[in-house]
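Okay, so here's the structure we're looking at.
Protein chains get the first letters and strands the later ones, always in sequence-line order, with residue 1 at the start of each.
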Amino acid sequence: MNAANWLKRTGAAALAAGAMVVIVFMSQVPWLGPGSEGSELRVSWRMPAPSLRHCRPPTEAELEGVPGHMRPGEICNEETVPFGLIVLIDGDTLHAGPAWHPGRRARTLAVYERFPLPAGSHALEVSFVPDSPRVDAASPQMDSVQALATTLSARVVAAPGDVVLVTRNDNGRLVMPPTGPGPP
Amino acid sequence: MLKRPFTRMLARLDGWADRLYGWKWNPLYQSGAIAVLCLAVMLVTGIYLLFFYRIGAPHESIVRIDAQPLGGRWIRSLHRYAADLAVAAAVVHALRMFFQGRSWGPRALAWVSGVFLLFLLYVCGWTGYVMVWDVQGQLLATEGARLLDALPIFSEPVSRTFAGADPLPSAFFFMNLFLHIAIPVGLVIFLWLHVSRVARPVLLPPRPLLWATVGLLAAAAVLLPAPVAQAANLLRIPAEVPLDLFYAFWLPWLRNTPAPAAWLAGTLLVAVLATVPILARPRKDRRPAPSVVSTRLCTACHQCEADCPYDAIRMVERTDGRGGMVAWVNPSHCVSCGICAGSCAPMGVGPPGRTGRDQLARVRDFVAGDAFRAGAIVVVACGRSGGAERGPSNARRASPDSDRAGEGPARFEVSCAGNLHTSVVEYLVRAGARGVLVVACPPRDCSGREGPKWLVERLYHEREAELKARVDRRRVHVAHASAFDPRSVDRALGEFADELARLESPAGEDAIRIDTDCEVPEGAGGDDAGAGPHGPPGVVSRLLPSALFRRWPAGAGRTKAGSE
């Protein structure tokens with residue numbers, strides 16, 4: 001092999017190796033992710049959908065044609081009660097709107113919202129209340145629905161990269177579980 | 001507007017890579033096959049990793065694989081780097097096909113299936129990184145969930161799964177693993193579709209390049225193994241993320257983009273890519289016409305059917321009462337590469353204006369014109385190769401002074417070396433050319449896929465439509481050169497001139513008769529019957545508009561393929 005050929009082959013191998021190094025580098029480029037900028041407030045829970053049950057005796061027309069052993073004592077309609085979520089940070093309203101509502105007859109109600117939170121100390125208030133304009137306040141079951149309403153007021157200190165999680169415990173209260181260092 | 005400079009840039013890159021690696025091992029020509037090779041490497045390494053992956057403890061199992069004394073870390077790195085190289089190779093392959101105008105017409109299926117292959121590769125990579133469940137996987141999962149939540153199809157937010165209030169269910173990792181295994185099955189189906197329109201698809205690179213690629217990947221995996229990033233923690237927002245730019249280059253952009261806008265951008269991108277076959281196709285009057293068969297000349301030898309790189313030719317029953325079979329070109333499969341013109345001994349098939357008879361007519365005019373000098377070398381060049389007169393490399397060059405015979409060679413251009421009928425070579429040699437140097441594209445870069453391969457077979461290995469035994473093979477030489485590799489042409493020309501110098505001066509014949517009547521059916525009127533003043537003899541010229549048979553222009557070096 002003459003010198004020119006040797007040089008050419010070495011160059012070819014070096015170029016191939018260089019291309020591979022570029023691929024390896026591009027495979028793990030360090031990126032300063034969103035955690036370096038600030039923290040996040042996360043409001044999340046899932047619960048049985050609060051509902052109101054309206055019952056009435058069946059009319060004659062409804063009973064007509066129904067065999068005796070199949071006649072219901074009463075006919076009931078169940079309607080999910082819409083709930084709203086209000087989030088205030090340092091007195092400013094961050095969010096005020098209905099919780100995720102998949103449908104009128106849905107059996108579960110899920111709440112999930114994320115808000116950017118500047119690092120530092122903040123007064124936090126999260127309220128989960130029935131969406132009053134759409135609720136039949138005269139209903140006798142309204143007390144049990146009202147009992148689901150809950151509010152959390154707390155002062156939080158968030159460092160960059162922290163997630164402040166607000167969730168609902170088994171007693172129906174809004175809580176902020178401690179965010180430990182280990183993966184959940 | 002931008003297509004021409006990009007095409008030139010691509011051709012220039014090809015030229016450089018040809019000089020470094022030679023056209024046989026130029027990885028740019030093998031980009032598609034390298035992508036498939038990477039899929040094979042991923043499959044093998046993926047099966048190994050599957051034995052040790054635990055959906056109940058994904059990150060811990062990756063850390064354990066990394067700590068294996070038998071090179072688990074290397075195999076994981078090999079899996080990852082092969083995935084990265086697959087994307088790079090697939091993108092290069094797609095760009096080549098687009099800029100070479102190989103993305104429309106009968107190639108539309110290959111293009112569209114290729115877009116879906118790339119899309120599936122991305123989804124597969126997405127699930128793969130989520131499987132690792134490190135900080136990058138966490139971001140990919142949460143951003144993916146955010147995108148899904150923008151669609152009105154889920155009863156509750158998918159993102160809530162990653163809220164951090166509850167541990168992630170194993171079912172999530174099981175589903176992810178299932179997708180990571182199932183998607184490659186989809187890849188295989190789309191790969192089959194991708195190559196379904198081509199005959200004899202080449203799925204793997206040549207062996208030296210194959211082992212060199214695997215060796216490079218393995219060396220990178222051993223010397224620069226991919227580190228395992230920090231484990232995902234849903235109650236922390238990742239601050240430092242090692243980003244794989246091949247699969248997650250869009251992550252920084254996506255973080256600050258509303259989900260509907262991201263969907264819109266993604267949908268637009270896929271729509272544009274999928275409609276490239278419509279957007280990139282030339283105007284109707286500029287599209288090359290598919291091949292036609294002269295049913296009177298066809299001898300049903302099956303050679304065009306065997307040579308067609310796109311499975312566009314089939315043999316069907318004759319309907320003209322002569323009995324037997326006849327070739328039939330499926331116009332929706334034919335890319336007008338013209339390879340069938342070179343494969344047909346009786347010159348009865350080919351794209352209009354480029355059949356063997358058309359070529360013969362052109363070469364007759366060429367020999368009669370000023371460009372041809374008896375005793376000089378004739379370069380018969382593919383229009384895309386380094387030997388083309390108006391090719392990008394030659395336009396800037398002075399006359400090729402490397403012709404040792406003392407006079408510059410005359411050039412005769414054809415649309416593809418595989419299109420060239422051996423009768424043209426015979427005619428030139430018998431007319432007194434010192435030698436005929438056929439300059440073809442590198443075989444793996446032929447726009448007609450198999451042109452150079454069949455050319456060599458016909459010239460030297462007695463493939464049907466072969467160069468006749470009476471032609472001195474020492475006066476015929478084939479060289480391969482890409483458009484920006486004029487040095488290879490010069491070198492081949494010099495070596496060929498040296499070889500020819502050892503031979504006697506050729507004796508040109510005055511009245512050259514080329515056999516074209518082996519098949520002329522009864523009543524066809526003989527070889528020259530029906531030939532117009534500029535057109536080729538025989539039946540084909542009578543079947544086609546005379547405008548298709550353009551006169552070969554007189555004058556040195558102004559060669560031009562008649563129908564291009």
Side-chain angles (χ1 to χ4, degrees), chain A residues 8-9 11-17 19-40 42-46 100-103 106-114 116 159-169 175 177-184, chain B residues 17 19-22 25 27 59 77 80-81 83-85 88 133 135-136 138-139 146 149 154-160 163-168 212-213 216-217 219-221 223-224 226-227 229 231-249 251-252 255-256:
Chain A
K8 201 171 90 172
R9 287 195 183 185
L15 184 68
M20 202 63 234
V21 169
V22 169
I23 284 178
V24 168
F25 173 74
M26 286 175 70
S27 178
Q28 45 211 356
V29 176
W31 172 51
L32 223 50
S36 61
E37 295 157 9
S39 49
E40 185 177 284
R42 211 175 276 169
V43 184
S44 168
W45 66 85
R46 187 172 185 267
W100 181 291
H101 211 276
R107 297 281 173 182
T108 55
L109 188 148
V111 173
Y112 182 76
E113 297 292 344
R114 291 191 313 172
D162 276 356
V163 171
V164 176
L165 175 68
V166 176
T167 188
R168 190 171 175 274
N169 68 7
V175 291
T179 53
Chain B
R19 282 203 284 283
L20 265 183
Y21 297 99
W25 321 126
H59 191 265
S77 302
R80 174 163 165 171
Y81 295 152
D84 292 333
L85 182 59
W133 203 233
V135 280
Q136 185 182 212
Q138 175 186 345
L139 279 180
R146 186 169 73 90
D149 284 339
F154 294 101
S155 61
E156 55 180 86
V158 179
S159 296
R160 222 188 62 74
D166 305 302
L168 265 182
T213 308
L216 265 177
L217 283 170
L223 299 173
L224 302 162
N233 180 352
L234 291 171
L235 292 176
R236 293 283 305 166
I237 312 169
E240 282 179 23
V241 183
L243 209 62
D244 185 338
L245 287 186
F246 292 98
Y247 285 91
F249 63 91
L251 207 50
R255 283 286 300 178
N256 303 312

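Proximity to chain A is limited to the backbone of B:R19, based on heavy atoms less than 4.5 angstrom apart. For A:R46, the parts lying near chain B are the backbone and the side chain together; criterion is any non-hydrogen pair under 4.5 Å. At a 4.5 Å heavy-atom cutoff, B:L223 makes no contact with chain A through either its backbone or its side chain. Looking at A:T167, the atoms closer than 4.5 Å to chain B (heavy atoms on both sides) all sit in the side chain, from C-beta outward. Neither the backbone nor the side chain of B:P27 comes within contact range of chain A; no heavy atoms are under 4.5 Å apart. Using a 4.5 Å cut-off between heavy atoms, A:M20 contacts chain B through its side chain alone, with no backbone atom that close.
Of all the heavy atoms in A:G33 and B:V241, the pair that sits closest is CA-CG2, 4.4 Å. Taking all atoms of both residues into account, the shortest heavy-atom contact from B:F246 to A:I23 is CE1-O, 3.6 Å. Closest heavy-atom contact between B:R160 and A:A110: CD-CB, 4.1 Å. Closest non-hydrogen pair, B:L216 versus A:A16, comes out as CD1-CB, 3.6 Å. Between A:V24 and B:A220, the closest heavy-atom pair is CG2-CB, 3.8 Å. Nearest heavy-atom pair across B:A226 and A:Q28 is CA-OE1, 3.8 Å.
The backbone N or O of A:S27 lies less than 3.5 Å from a partner atom in the side chain of B:R80, making a donor-acceptor pair. A donor-acceptor distance shorter than 3.5 angstrom exists from the side chain of A:R42 to the backbone of B:A163, with no hydrogens or angles considered. B:Y21 contributes a side-chain N or O that, together with a main-chain N or O of A:A12, makes up a donor-acceptor pair within less than 3.5 Å.
Note: B:S159 leads B:A219, B:A165, B:S159 in heavy-atom pairs under 4.5 Å with chain A. Of the residues considered (B:T213, B:L245, B:L243, B:L20), B:L243 shows the highest number of contacts with chain A, using heavy-atom pairs under 4.5 Å.
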* **Worked verdict on A:L165 versus B:L235 for side chain to side chain contact (heavy atoms under 4.5 Å, CB included)** => CA-CA 8 Å; A:L165 175 68; B:L235 292 176; 4.0 Å; yes
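Using a 4.5 Å cut-off on side-chain heavy atoms (C-beta onward), A:D162 and B:R236 make contact.
In this structure, CH2 in A:W31 is found 4.5 Å from CG in B:L251, a value given to the nearest 0.5 Å.
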